[in-house]
Amino acid sequence: MPDEKQASANPADHRFAWRCATGSDVGCVRASNEDAFWADDTAGLFVVADGMGGHAAGEVASALAVEYAARGVSCLEGDPSVEQARECISMAIVEANQRILTEGRTHPEHTGMGTTATILFLSSSGWYVIGHVGDSRAYLARDDQVYRLTVDHTYVQELVNQGRLTDEQARIHPRSSLLTRALGTQASVAVDLYEGELRPGDRFLVTSDGLTTMLSEAQIGALLLQRRPPDDLVTALVDAANDAGGTDNTTAIVVDVEEEPAA
């Protein structure tokens with residue numbers, strides 16, 4: 001896929017709206033679903049968190065990440081700036097990390113739990129900000145191209161960065177899910193932040209690695225570029241992951257951006 005930096009657009013005098021669809025499935029192997037998600041059209045907030053840890057602890061961690069993400073954007077009411085969005089999203093993830101650590105210390109059955117978190121915030125003024133920790137991902141489909149907007153925090157991604165693996169080799173590597181950064185695993189967490197301009201016709205996907213480990217970038221891209229409504233596309237993505245083996249929980253949020261009609 002093209003580099004995410006190519007996804008930036010020049011600012012335009014538009015107001016934007018969007019419509020979204022969500023789906024989450026336990027898959028074909030796991031007994032429970034440790035993914036959590038949040039989609040709020042009004043706030044422009046879309047979150048996917050993929051938990052880890054035994055005795056349902058992963059479900060607790062991912063739910064806390066989503067809860068704190070939703071709280072964090074409460075400071076973004078009205079017409080916030082990009083800088084305000086970056087600050088609020090980063091703070092929400094940092095606070096979620098502390099809460100998950102506290103939960104693990106006070107409840108021994110949750111010791112060792114953690115979660116990924118990928119937060120997409122859209123502004124009707126025409127820009128987006130993404131906060132990211134872990135290996136859940138955000139993609140952007142634009143002008144017949146699909147861009148991966150986030151970089152995984154995994155052992156195999158480091159090998160890709162070093163030129164020792166290709167993206168496809170990393171996807172099928174036996175240690176593909178070994179995280180190098182997650183919420184709830186360290187006293188502090190570094191948050192990756194990305195931003196860009198919106199264009200009418202943009203399509204975003206926020207997803208857990210249950211999709212990206214089952215399908216190649218080419219397969220995901222081909223589905224995202226299909227002209228079908230978000231709810232049909234979410235169903236197709238989840239079904240494709242399960243048809244490919246469904247070895248993990250799969251969660252997908254698809255958001256289609258459109259220009260808001262003039263008043």
*Look at atom CD of Glu67 and say whether more than 12 heavy atoms of other residues, nucleotides or ligands are closer to it than 6.0 Å.*
yes
*Side-chain contact test, heavy atoms from C-beta onward, threshold under 4.5 Å: evaluate it for Phe46 versus Asp41 and give yes or no.*
yes
_Counterpart residues, ring pair (Phe, Tyr, Trp, His ring centres under 6.0 Å), relative to Phe37 (two or more places apart)_ = none
*With under 30° as parallel and over 60° as perpendicular, where do the rings of Trp127 and Phe121 fit, or are they tilted in between?*
tilted
*Contacts of Trp38 that satisfy ring pair (Phe, Tyr, Trp, His ring centres under 6.0 Å) - sequence neighbours left out*: none
*Could you tell me how the ring of His173 sits relative to the ring of Tyr155: parallel (under 30°), tilted (30 to 60°) or perpendicular (over 60°)?*
perpendicular
*Once you round to the nearest 0.5 Å, how far does CD1 of Ile93 lie from CD1 of Ile119?*
4.0 Å
*asked:* When you compare the side chains of Asn33 and Ser24, does any donor N or O come within less than 3.5 Å of an acceptor on the partner?
replied: yes
*Is it true that the side chains of Ser125 and Arg15 contain a donor and an acceptor less than 3.5 Å apart?*
yes
_Donor + acceptor pair across side chains of His153, Thr180 (<3.5 Å)_ = no
*Could you give the distance from CD1 (Ile89) to CD (Glu87), rounded to the nearest 0.5 Å?*
11.0 Å
_Residue pairs, two or more places apart or on separate chains, that pass ring pair (Phe, Tyr, Trp, His ring centres under 6.0 Å) and touch residues 214-254_ = none
_Side chains of Asp231 and Thr235 in contact at under 4.5 Å (non-hydrogen atoms)_ = no
_Candidate list Arg164, Glu158, Gln157, test side-chain hydrogen bond (donor to acceptor under 3.5 Å, both in side chains), partner Asn161, passing option_ = Gln157
*Under 4.0 Å between a Lys/Arg side-chain N and an Asp/Glu carboxylate O for Asp209 and Arg137?*
no
_Salt bridge or not between Glu217 and Arg171? Use side-chain N to carboxylate O under 4.0 Å._
no
*Check Ser62, Ser208, Ser136 against Thr116 for a side-chain hydrogen bond (donor to acceptor under 3.5 Å, both in side chains) and give me the one that passes.*
Ser136
*So does Arg99 pair up with Glu95, basic N to acidic O under 4.0 Å?*
no
*Give a yes or no on whether Gln186 atom CD has more than 12 heavy-atom contacts from other residues, nucleotides or ligands under 6.0 Å away.*
no
